[in-house]
Amino acid sequence: MTRLLVRDFVIRKSYLSPAAQAAVIEALRPVLKAAPPFTPETPLGKPMSVRMTSAGALGWIADKTGYRYAAQHPKGIDWPAIPDPVLAIWHDLTGLARTPDCCLINYYGEGARMGLHQDKDEADFSYPVVSVSLGDDGLFRIGNPTRGGRTESLWLNSGDVVVMGGPARLSYHGVDRIRFKSSRLLPRGGRLNLTLRVVE
Ligand code: SIN
Ligand code: MN
């Protein structure tokens with residue numbers, strides 16, 4: 001379990017053991033059943049390549065009217081609670097008593113990616129964002145607090161956890177590609193990324 005610091009992003013390699021990863025997947029199963037992942041559309045009307053859902057009081061959604069946090073899944077159902085094994089990661093790594101309002105769940109199938117962006121729809125940037133990688137390897141790109149400039153890339157593997165806090169909280173980041181079927185954690189392949197956020 002090594003700890004890397006890349007441009008103030010804290011990367012905890014192999015933070016979750018294989019058994020812990022399997023436990024998180026097991027805990028996510030009913031969440032994904034209750035709030036099925038959907039394909040968000042950007043305000044420009046283009047479908048995103050990741051499929052997305054959330055757990056917690058608020059979920060992050062994207063559609064023609066923009067990006068925002070919403071109290072319900074687009075199908076009009078409440079988001080399921082954030083599973084305990086996921087909350088445990090947040091409390092352990094942040095040391096905060098405050099629980100996150102949102103666990104955004106992104107599923108990357110073959111060919112899915114996420115362009116460079118900032119996480120800035122939250123009210124208080126003094127809280128970190130904690131990001132958990134599960135399943136296939138993902139090539140994570142780290143930029144700067146402002147658009148443009150040099151970037152740095154590293155592979156995130158299943159069980160790695162990234163903490164984006166402090167000076168890194170508003171840094172640009174994205175996922176260029178995944179290595180489809182590089183992991184056997186998810187029977188059908190793909191990568192699940194969980195991001196835990198305090199929204200309000
Ligand atoms: C995100 O920025 O919301 C996802 C990052 C990742 O998939 O590693
Ligand atoms: Mn993000």
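In listed order, ligands and their atoms are each counted from 1. Please read these numbers as outputs of a predicted model, since none were measured by experiment.
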Asks: Does CZ belonging to R68 count more than 12 external heavy atoms closer than 6.0 Å?
Replies: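 Buried by this count: over 12 neighbours within 6.0 Å.
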
Asks: Assess whether atom CZ of R98 is packed by more than 12 heavy atoms of other residues, nucleotides or ligands within 6.0 Å.
Replies: yes

Asks: Grab the two heavy atoms, one from L58 and one from C102, that are nearest each other, plus how far apart they are.
Replies: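 In this case the closest contact between L58 and C102 is O-CB, 3.2 Å.
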
Asks: Do the side chains of V6 and I11 get nearer than 4.5 Å, heavy atoms only?
Replies: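 They are in side-chain contact.
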
Asks: Working to 10°, measure the angle at the Mn ion (ligand 2) formed by atom NE2 of H117 and atom NE2 of H173.
Replies: 90°

Asks: With a cut-off of 4.0 Å, which atoms of ligand 1 are near a heavy atom of R191?
Replies: 6 (C), 7 (O), 8 (O)

Asks: When only distance counts, is H117 in polar contact with ligand 1, meaning an N/O pair under 3.5 Å?
Replies: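 Yes, at least one N or O pair falls under 3.5 Å.
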
Asks: Answer yes or no: does an N/O atom from N193 fall short of 3.5 Å to an N/O atom of ligand 1?
Replies: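 Yes - when backbone and side-chain N and O of N193 are compared with those of ligand 1, one distance drops under 3.5 Å.
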
Asks: Return yes when R197 approaches ligand 1 closer than 4.0 angstrom through a heavy atom, no otherwise.
Replies: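 R197 counts as a contact of ligand 1 under the 4.0 Å cut-off.
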
Asks: Under 6.0 Å between ring centres, would you say that holds for W60 and Y67?
Replies: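 Judged by ring-centre distance (under 6.0 Å), W60 and Y67 do meet the cut-off.
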
Asks: Out of all atoms in ligand 1, which are within 4.0 Å of some heavy atom of V175? Include the element for each.
Replies: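 Reading through ligand 1 atom by atom, the close ones are 6 (C), 7 (O), 8 (O).
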
Asks: Does the N or O separation between H173 and ligand 1 drop below 3.5 Å for any pair?
Replies: yes

Asks: Should the proximity of N106 to ligand 1, defined as any heavy atom under 4.0 Å, be assigned to the side chain, the backbone, both, or neither?
Replies: side chain

Asks: What atom name does the N, O or S atom of D119 nearest to the Mn ion (ligand 2) carry?
Replies: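 For D119, the N, O or S atom at the smallest distance from the Mn ion (ligand 2) is OD1.
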
Asks: Can a salt bridge be assigned to the pair R191 and D136 using a cut-off of 4.0 Å between side-chain N and carboxylate O?
Replies: no

